[in-house]
Amino acid sequence: SQASREEAQIATSAELESEAEPWSLPQLPGGRGRSGLLSPLFKVLCDGSGGASGLQADSGALRYMKRLYKVYATKEGIPKSNRSHLYNTVRLFTPSIQHKQASVDQATGAVQSVGLQFNLDRVTAVEHPLKSVLLYTVSDSASFPSAAQCMCHLVWTEPEPSSQMLPRPPHSFSFESQPKSRKKYKWVEVDVTPLLQPLVASAKRSIQVSVNFTCVRDQLQPPSARDSPISLVPPSLLLYLNDRSAHAYHGWYSLHNKGSPLQGPGQRGPSACPPGGGAARAVRSRHRR
Amino acid sequence: GEDTVSSELQKPLGPAAFNLSEYFKQFLFPQNECELHDFRLSFSQLKWDSWIVAPHRYNPRYCKGDCPRAVGQRYGSPVHTMVQNIIYEKQLDDSVPRPSCVPAQYSPLSVLTVEPDGSIAYKEYEDMIATKCTCR
């Protein structure tokens, strides 16, 4: 199956990677070399100056990632063993805003067209994209209906026209808004994996997209809620990646490999998405019997 | 060790310096043997908490202690360790040290960092916490 082929590729490339990767060569942060923890560690060991300094992170983004950290790791910081996803890296990029138009349509609610640019410089060559999500942070939960039919229009605007890439048609899709948290802050995730995959996989360093996001209120809402406009912060981009290098944790590989006798060619491998995939669950129940 | 003990007993006993029970204790309960030690580190000590958001505390642990002469399976040491011990004890070559007490197994660590461009990365790193020691 595709997934098991991918696992085999990852295992062989991880071995190749470990042979080819000169550990002793320090690479300083800021360049496109290593990202995350290793470059600053090398920097400290090489010239004694401390860690990585840089831009402040967006507080909403930070709040979301802290929540994600609690879901994926124990208090001691160890990845939880009950994970079933393939990725060992999650990156959250906040956009720089190119342009913004907002208008309110009585029938469909607020319509915002926002031109966003995401700088993906930190994604390294060994990080393989698995899933891409636009993440909306809804801070004013009162004005966001708990259940609404939303429509998202995405128009890719390339930073520079490239001959190989055909102009992309606008994409629009609708979804039921399922805010992810009951607390003060809510997040709405819009899965754009099929649309973004070619761009992220082509090691594009900058992605420009114009996003229209409309929500049609649920008729059952009280009139007062229906009238108040939706305040939406431009979405961030969440990338789920699999780091194939030797120093990244591939525990899922050994976990899932332990079960490999069960996974014959006809069976699907572990899902690339968070738990909830029907097939993945089906495999587990058979295993129990 | 029997002949060692008997030869020790033949020596004249100095009343003040020699306590038999203490002497036997060092054979029964080896002191300072190779084992795992905790070391809790907080990134604020390194002034890294501005870019390492989680975990707040990190216990990498470390291995420290003497390697016994005949390590055998208790440490999961390979046979090579015993050979090195013999080379060291027979002083066949001064440059060959006694086997060292080093980590044998690790567990991974999840780290949440703020990158220099302001993006946020959750990554899982292999071999970041020592969980078992060995002599080799």
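Protein chains get the first letters and strands the later ones, always in sequence-line order, with residue 1 at the start of each. Just so it is clear, the model here is predicted, and its values are computed rather than measured.
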Participant: Is the number of heavy atoms from other residues, nucleotides or ligands under 6.0 Å of B:D94 CG greater than 12?
Facilitator: no

Participant: Looking at side-chain heavy atoms only, is the closest gap between B:P116 and A:R122 below 4.5 Å?
Facilitator: yes

Participant: Considering all heavy atoms of both residues, which atom of B:A121 and which atom of A:M65 are nearest to each other, and what is their separation?
Facilitator: C-CE, 4.4 Å

Participant: Mind checking the OH-OG spacing from A:Y249 to B:S110? Nearest 0.5 Å is all I need.
Facilitator: 8.5 Å

Participant: Partners of B:Y88 by ring-ring contact (aromatic ring centres under 6.0 Å, His included), sequence neighbours excluded?
Facilitator: none

Participant: Using a cut-off of under 4.5 Å on heavy-atom pairs, state which of B:I120, B:L109, B:V111 scores highest against chain A.
Facilitator: B:I120

Participant: Check the angle between the aromatic planes of A:Y69 and B:Y122 and answer parallel, tilted or perpendicular using the 30° and 60° thresholds.
Facilitator: perpendicular

Participant: Should A:K66 and B:V53 count as side-chain neighbours, where that means a heavy-atom distance under 4.5 Å?
Facilitator: yes

Participant: For B:Y62, which residues count as a ring-ring contact (aromatic ring centres under 6.0 Å, His included) partner, sequence neighbours excluded?
Facilitator: B:H37

Participant: Can you check whether B:K123 reaches A:R91 side chain to side chain, under 4.5 Å on heavy atoms?
Facilitator: yes

Participant: Counting heavy-atom pairs under 4.5 Å to chain B, which of A:L68, A:T74, A:I78, A:T94 comes out on top?
Facilitator: A:I78

Participant: Heavy atoms only: give me the nearest B:P55-A:G77 pair and the separation to one decimal.
Facilitator: CB-CA, 4.2 Å

Participant: Please determine, among B:R57, B:E126, B:M128, the option with the most heavy-atom pairs under 4.5 Å with chain A.
Facilitator: B:E126

